Asks: 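Shown below is the structure under consideration.
Computed from a prediction, not measured in an experiment: that's the story for all the values here.
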Amino acid sequence: MRKTFKTLLLAMPLVMAAMSASAADSAVGRWKTIDDKTGETKSIVEITKAANGSLSGKVLEVLKSDKGPNPVCSDCKGPNKGKPIKGMTILWNLSQNSGSTTEWSGGTILDPANGKTYKSKLELHPGGKKLDVSGCIAIICRAQTWVRE
């Protein structure tokens with residue numbers, strides 16, 4: 001029993017390193033959203049991977065908002081109208097690009113500030129510490145770089 005415990009203790013750093021390496025290769029995790037106009041951290045979004053492999057993102061915390069400490073999506077349409085932004089899914093249905101381990105596209109992103117949805121894509125920077133997030137309507141795009149928490 002004692003030998004098993006020692007083996008576990010010795011293996012723990014290797015397991016932790018492997019987990020960190022896999023996180024660096026994926027957009028899955030917690031991200032600070034950085035406003036592309038002001039450079040301020042606006043929220044914390046958690047990106048998760050569904051059983052079908054698609055990515056989605058949910059707002060865990062709103063850190064800064066022009067609509068007060070507990071903002072709602074007043075300009076949203078449908079089921080999100082008037083709902084709290086905290087806890088809201090704002091990114092969904094992103095699929096990994098064929099032949100790429102760092103790019104996802106084909107999804108949708110919601111901007112809770114204006115209630116509009118956009119076609120979305122993600123690109124993970126080398127090392128996995130930054131994530132380029134963009135939303136487009138036709139040829140007009142807006143991009144932000146999020147930072148891993």
Asks: Which distance, rounded to the nearest 0.5 Å, do you find between the NZ of K130 and the OG1 of T145?
Replies: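 K130 NZ to T145 OG1: 7.0 Å, rounded to 0.5 Å.
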
Asks: Using the rule salt bridge (charged side-chain N to carboxylate O under 4.0 Å, His left out), only one of K32, K86, R30, K42 pairs with E61; which is it?
Replies: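 Passing option: R30.
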
Asks: Give me the atom names and distance for the closest heavy-atom approach of S120 to L94.
Replies: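 Closest approach of S120 to L94: O-CD2, 3.5 Å.
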
Asks: Is there a side-chain contact between L55 and L122, using heavy atoms and a 4.5 Å cut-off?
Replies: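 In short, these two side chains touch, coming nearer than 4.5 Å.
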
Asks: Between K49 (side chain only) and S54 (backbone N and O only), is there a donor and an acceptor less than 3.5 Å apart?
Replies: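 No, because the side chain of K49 does not come within donor-acceptor range (under 3.5 Å) of the backbone of S54.
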
Asks: Same hydrophobic cluster for I90 and Y118, using side-chain heavy-atom links shorter than 4.5 Å among ILVMFWY?
Replies: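 Same hydrophobic cluster.
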
Asks: Between D35 and K64, does at least one N-O distance fall below 4.0 Å, as a salt bridge requires?
Replies: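 Salt bridge flag = no for K64 with D35.
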
Asks: With a 4.5 Å limit on heavy-atom distance, are the side chains of K83 and C76 in contact?
Replies: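 Counting from C-beta outward, K83 and C76 never come under 4.5 Å.
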
Asks: Report yes or no: does S105 contribute a side-chain atom to a donor-acceptor pair with the main-chain N or O of K121 at less than 3.5 Å?
Replies: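 Checked: no pair found.
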
Asks: Within the structure provided, determine whether L124 and R148 are in side-chain contact (heavy-atom separation under 4.5 Å).
Replies: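 Answer yes - side chains close enough.
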
Asks: When rounded to the nearest 0.5 angstrom, what is the spacing between CD1 in I44 and CH2 in W146?
Replies: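 Between I44 CD1 and W146 CH2, I get 10.5 Å after rounding to 0.5 Å.
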
Asks: Can you tell if the side chain of K58 reaches within under 4.5 Å of the side chain of V45, non-hydrogen atoms only?
Replies: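 Not touching, per the 4.5 Å side-chain cut-off.
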
Asks: If you take all heavy atoms of W104 and N97, which pair is closest and at what distance?
Replies: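 Smallest interatomic distance, heavy atoms only, reads C-OD1, 3.7 Å.
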
Asks: Using the rule that two of Ile, Leu, Val, Met, Phe, Trp, Tyr join whenever any of their side-chain heavy atoms come within less than 4.5 Å, decide whether I34 and I47 are in one cluster.
Replies: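 I34 does not cluster with I47.
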
Asks: What heavy-atom pair brings P71 and V62 nearest, and what distance separates the two atoms?
Replies: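 Looks like CG-CG1, 3.8 Å.
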
Asks: Locate the shortest heavy-atom distance separating S74 from K81; write the atom from each residue and the value.
Replies: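 Shortest heavy-atom contact: O-NZ, 2.8 Å.
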
Asks: Which atom pair, heavy atoms only, marks the closest approach of P112 to I85?
Replies: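 Closest approach of P112 to I85: CB-CD1, 3.6 Å.
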
Asks: At what distance, to the nearest 0.5 angstrom, does CD1 of I137 lie from OG1 of T117?
Replies: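 With rounding to 0.5 Å, CD1 (I137) is 7.0 Å from OG1 (T117).
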
Asks: Within the structure provided, determine whether T101 and Q96 are in side-chain contact (heavy-atom separation under 4.5 Å).
Replies: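 Touching, per the 4.5 Å side-chain cut-off.
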
Asks: To the nearest 0.5 angstrom, please state how far the CD atom of E46 sits from the CG atom of L91.
Replies: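 If we round to the nearest 0.5 Å, E46:CD and L91:CG are 12.5 Å apart.
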
Asks: Determine the minimum heavy-atom distance between S134 and I109, stating which atoms define it.
Replies: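 That closest heavy-atom pairing would be O-CG2, 4.5 Å.
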
